[in-house]
Amino acid sequence: EDKVVQSPLSLVVHEGDTVTLNCSYEVTNFRSLLWYKQEKKAPTFLFMLTSSGIEKKSGRLSSILDKKELFSILNITATQTGDSAIYLCAAMIYNQGGKLIFGQGTELSVKP
Amino acid sequence: ETGVTQSPTHLIKTRGQQVTLRCSSQSGHNTVSWYQQALGQGPQFIFQYYREEENGRGNFPPRFSGLQFPNYSSELNVNALELDDSALYLCASSPDRAETQYFGPGTRLLVL
């Protein structure tokens with residue numbers, strides 16, 4: 001059965017801290033790994049990772065994929081209260097179409 | 001460029017009723033995927049539509065059905081509603097089947 005597991009499930013940090021969110025996957029027909037940020041309703045797209053070992057960066061956020069060990073991490077440096085959200089990771093599998101298998105999410109709370 | 005839109009934003013139904021949720025895809029996108037997100041969990045894949053054809057389905061019963069129109073907008077229909085159908089229903093559009101999926105704001109369905 002296709003499975004994506006995120007850890008930790010929740011995290012409380014203070015502004016300025018650096019956090020690392022983990023995502024491991026066991027899926028068939030793996031195509032790519034995506035990260036989303038969900039604040040109220042719509043998950044907003046952060047990164048799509050297809051190749052192993054190539055870091056993607058956007059401001060204070062960065063992410064990398066390890067296709068040998070089947071995991072990805074999302075790093076957030078110098079956290080701000082606006083980073084408080086649920087972070088979702090999803091494995092895209094491709095079999096007659098691209099389907100996202102999501103983890104449970106990591107709830108990040110950044111305190112002032 | 002208009003993003004993904006969904007209607008209605010909220011809906012209350014009673015058990016046994018039928019519901020139709022609507023999604024307008026982002027300009028230039030030909031693929032729409034639907035997900036169900038229960039409280040505290042990651043989204044679960046319902047099905048994907050590509051150029052008006054169903055292109056992959058998750059573990060949902062046949063009472064969950066859909067359509068995609070020539071302008072690539074889509075509908076999700078759920079018949080014989082059950083209490084467990086209460087959830088946030090998310091629609092995502094993408095430029096093609098295995099490309100990044102961009103989510104709409106969702107429809108919150110409550111079944112009483």
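Within every chain, numbering begins at 1; the chains are lettered A, B, ... in the order of the sequence lines, protein sequences first and strands thereafter. Note: hydrogens, waters and symmetry copies are ignored here, and every other heavy atom, side chains too, is used.
Contacts between B:Q44 and chain A at a heavy-atom distance below 4.5 Å are absent for every atom of the residue. Only the side chain of B:Y35 comes within contact range of chain A, with heavy atoms under 4.5 Å apart. Heavy atoms closer than 4.5 Å to chain B are found in the side chain of A:Q38, but not in its backbone.
For residues 16-34 of chain A, heavy-atom neighbours of chain B at less than 4.5 Å comprise A:R31, A:L34, sorted by residue number. Residues of residues 54-73 of chain B that come within less than 4.5 angstrom of chain A, heavy atom to heavy atom, are B:N55, B:G56 in numerical order. Scanning residues 76-91 of chain B against chain A with a 4.5 Å heavy-atom cutoff picks out B:L88, B:L90, ordered by number. Contact annotation for residues 52-90 of chain A against chain B (heavy-atom separation below 4.5 Å, listed by residue number): A:L88.
With chain A as the partner, the residue from B:E99, B:Q41, B:R108 showing the most heavy-atom pairs under 4.5 Å is B:E99. Counting heavy-atom pairs closer than 4.5 Å to chain A, the top-ranked of the candidates B:F47, B:Y50, B:Y102 is B:Y102.
Counting heavy atoms from C-beta outward, A:I93 and B:F45 have side chains that stay 4.5 Å or more apart.
Going from atom OH of A:Y94 over to atom CZ of B:R97 covers 3.5 Å, rounded to the nearest 0.5 Å.
Checked by atom type and distance alone, the side chain of B:Q48 pairs as donor or acceptor with a backbone atom of A:G98 at under 3.5 Å. The backbone N or O of A:M92 sits nowhere less than 3.5 Å from a side-chain atom of B:Q101 that would complete a donor-acceptor pair.
Side-chain heavy atoms closer than 4.5 Å link hydrophobic residues (I, L, V, M, F, W, Y) into clusters, and following such links, possibly through other members, connects A:I101 to A:F47. The hydrophobic cluster containing A:W35 also contains A:L108, counting ILVMFWY residues as joined when their side-chain heavy atoms lie under 4.5 angstrom apart, directly or transitively.
Atom CG of B:L39 has 12 or fewer neighbouring heavy atoms from other residues, nucleotides or ligands inside a 6.0 Å radius.
Minimum interatomic distance between A:A42 and B:P105 (heavy atoms only, all atoms of both residues): CB-CA, 3.7 Å.
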